[in-house]
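Notes follow the structure.
Numbering of ligands and ligand atoms starts at 1, following listing order. All heavy atoms count here, side chains included; hydrogens, waters and symmetry mates do not.
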Amino acid sequence: MAHEFDGKVALVTGGASGIGKAVALQLAAQGAAVGVADLREDAAQQVVDEITSAGGRAIAIGADVGDPDQVKAAVDATVQAFGSLTHALNNAGIGGPSGPIQDVDIDGYLKLIDVNLHSVFYGMKYEIPELLKAGGGAIVNTSSILGLVGTPLAVPYVTAKHGVAGMTKATALQVASQGIRINSVHPGYIDTPLLQGMPQEAYDALVGLHPIGRLGTADEVAELVVFLLSDRASFITGSQHVVDGAYTAQ
Ligand code: NAP
């Protein structure tokens, strides 16, 4: 049976957990070979095992996306394993420091910007030459609703995620006529390990911010990401796509 991503090769960062894992599984189920990159290679390997036991193709890559050399190595490893790169989800991210800006630790701020923003620059910098060699493809960058609107006590996160949206648009313009589409995805609060350990009261408060009455799931975000990566989204590039239970409609 033919699948939508047969013959395609994707790199997914933060692919061991949450949204990245859901995208890696959906892409592999649709025929893509997937480089599953994450901070912990053993965690990425578990997702690879899930993919291969379902008949798909994937490799695990240990990489810190805050380090440009490790991002380049992740791109190279995927190309070496599967012959090309046609798709990417630059997704790895952390919650980082919260609280009034006066109290935000500078090292924590810099780390958040490295992992959530500079990583996307490194990703696209090294992915685009491979996509061009492959004759085109598509990239999605994971931003957030907090890449479209602010919230007072998460200045570093809001800053990084707005940066991802701008970086996406500027890079999409650069390659729009070269067969590469690039979009950003802006999830509302999603029930992933990123939110684990949160007190029930705080979780309930987050639910209350979403008119739909619940948080999203990683699979619901993955549906949008996989659509944007697919040829069905062939006229969609340089734009911002919310999946947020009406959070930003208010
Ligand atoms: P998640 O379940 O925590 O998955 C993120 C993955 O990235 C984890 O496996 C994590 O590894 C990995 N990672 C962290 N730092 C890394 C680094 N420096 N290099 C490589 N990998 C790294 O989180 P998620 O909710 O799926 O989040 C994925 C993306 O969606 C993030 O960019 C996040 O900001 C964004 N997002 C999330 C939400 C939400 O509510 N969950 C909403 C909007 C946007 P460890 O577990 O070992 O740290």
- Message: Checking side-chain contact (heavy atoms from CB on, under 4.5 Å) between Gln240 and each of Val185, Leu148, Val164, which is the one that passes?
- Response: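 Checked Val185, Leu148, Val164 against Gln240; only one passes side-chain contact (heavy atoms from CB on, under 4.5 Å): Leu148.
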- Qualifying residue, where the test is side-chain contact (heavy atoms from CB on, under 4.5 Å) with Val140 and the options are Leu228, Val12, Leu224: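 In the set Leu228, Val12, Leu224, the residue that makes a side-chain contact (heavy atoms from CB on, under 4.5 Å) with Val140 is Leu228.
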How does [X] reach ligand 1, if at all, at less than 4.0 Å between non-hydrogen atoms: by side chain, backbone, both, or neither?
X: Ala218; result: neither
X: Ile94; result: side chain
X: Val65; result: both
X: Ala43; result: neither
X: Lys21; result: neither

Any nitrogen or oxygen of [X], side chain or backbone, less than 3.5 Å from one on ligand 1?
X: Asp64; answer: yes
X: Ala16; answer: no
X: Asn116; answer: no
X: Tyr189; answer: no
X: Leu39; answer: yes
X: Gly20; answer: no
X: Thr192; answer: yes

- Salt-bridge contact Lys72-Glu127 (side-chain N to carboxylate O under 4.0 Å):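 No, Lys72 and Glu127 are not salt-bridged.
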- N-O pairing of Asp42 and Arg40 below 4.0 Å: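 Judged by the 4.0 Å cut-off on N to carboxylate O distance, Asp42 and Arg40 do form a salt bridge.
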- Message: Does atom NZ (Lys21) have a neighbourhood of more than 12 heavy atoms from anything else shown, all under 6.0 Å?
- Response: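 No, not enclosed.
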- For atom CD of Gln178, is the number of surrounding heavy atoms from other residues, nucleotides or ligands below 6.0 Å larger than 12?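 Yes, CD of Gln178 has more than 12 neighbouring heavy atoms, counting only those of other groups under 6.0 Å.
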- Task: Check the side chains of Thr168 and Asn141 for a donor-acceptor pair under 3.5 angstrom, ignoring hydrogens and angles.
- Result: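 Note: Asn141 and Thr168 side chains meet the donor-acceptor criterion.
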- Can a protein heavy atom be found under 4.0 Å away from atom 46 (O) of ligand 1?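 Answer no: nothing from the protein, no heavy atom, is under 4.0 Å.
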With the threshold set at under 4.0 angstrom, would you say [X] reaches ligand 1 through any of its heavy atoms?
X: Asp38; answer: yes
X: Ala37; answer: no
X: Gln70; answer: no

- Shortest protein contact, atom 23 (O) of ligand 1 (heavy atom only):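 Checked against all protein heavy atoms, atom 23 (O) of ligand 1 sits closest to Leu194 CB, 3.5 Å.
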- Without swapping roles, check the side chain of Asn91 against the backbone of Thr13 for a donor-acceptor pair under 3.5 Å.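 Flag set: sc Asn91 to bb Thr13 pair under 3.5 Å.
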Could you name the option among [options] that has the heavy atom nearest to [atom]?
atom: atom 32 (O) of ligand 1; options: Thr142, Val36, Asn91; result: Asn91
atom: atom 20 (C) of ligand 1; options: Ser17, Gly96, Ala63; result: Ala63
atom: atom 5 (C) of ligand 1; options: Gly93, Gly62, Ala44; result: Gly93

- Nearest heavy-atom neighbours spanning Arg181 and Asn183: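 That would be NH1-ND2, 3.9 Å.
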- Task: Assign the ring pair Tyr247 / Tyr189 to parallel, tilted or perpendicular, where the plane angle (0 to 90°) is split at 30° and 60°.
- Result: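 Rings of Tyr247 and Tyr189: tilted, 30 to 60°.
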- Task: Evaluate the criterion side chain to side chain contact (heavy atoms under 4.5 Å, CB included) for residue pair Ile182 and Met124; output intermediate values, then yes/no.
- Result: CA-CA 9 Å; Ile182 312 180; Met124 292 196 291; 3.9 Å; yes
- Roughly how far apart are Ile139 CD1 and Leu85 CG, rounded to 0.5 Å?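 The CD1 atom of Ile139 sits 8.0 Å away from the CG atom of Leu85.
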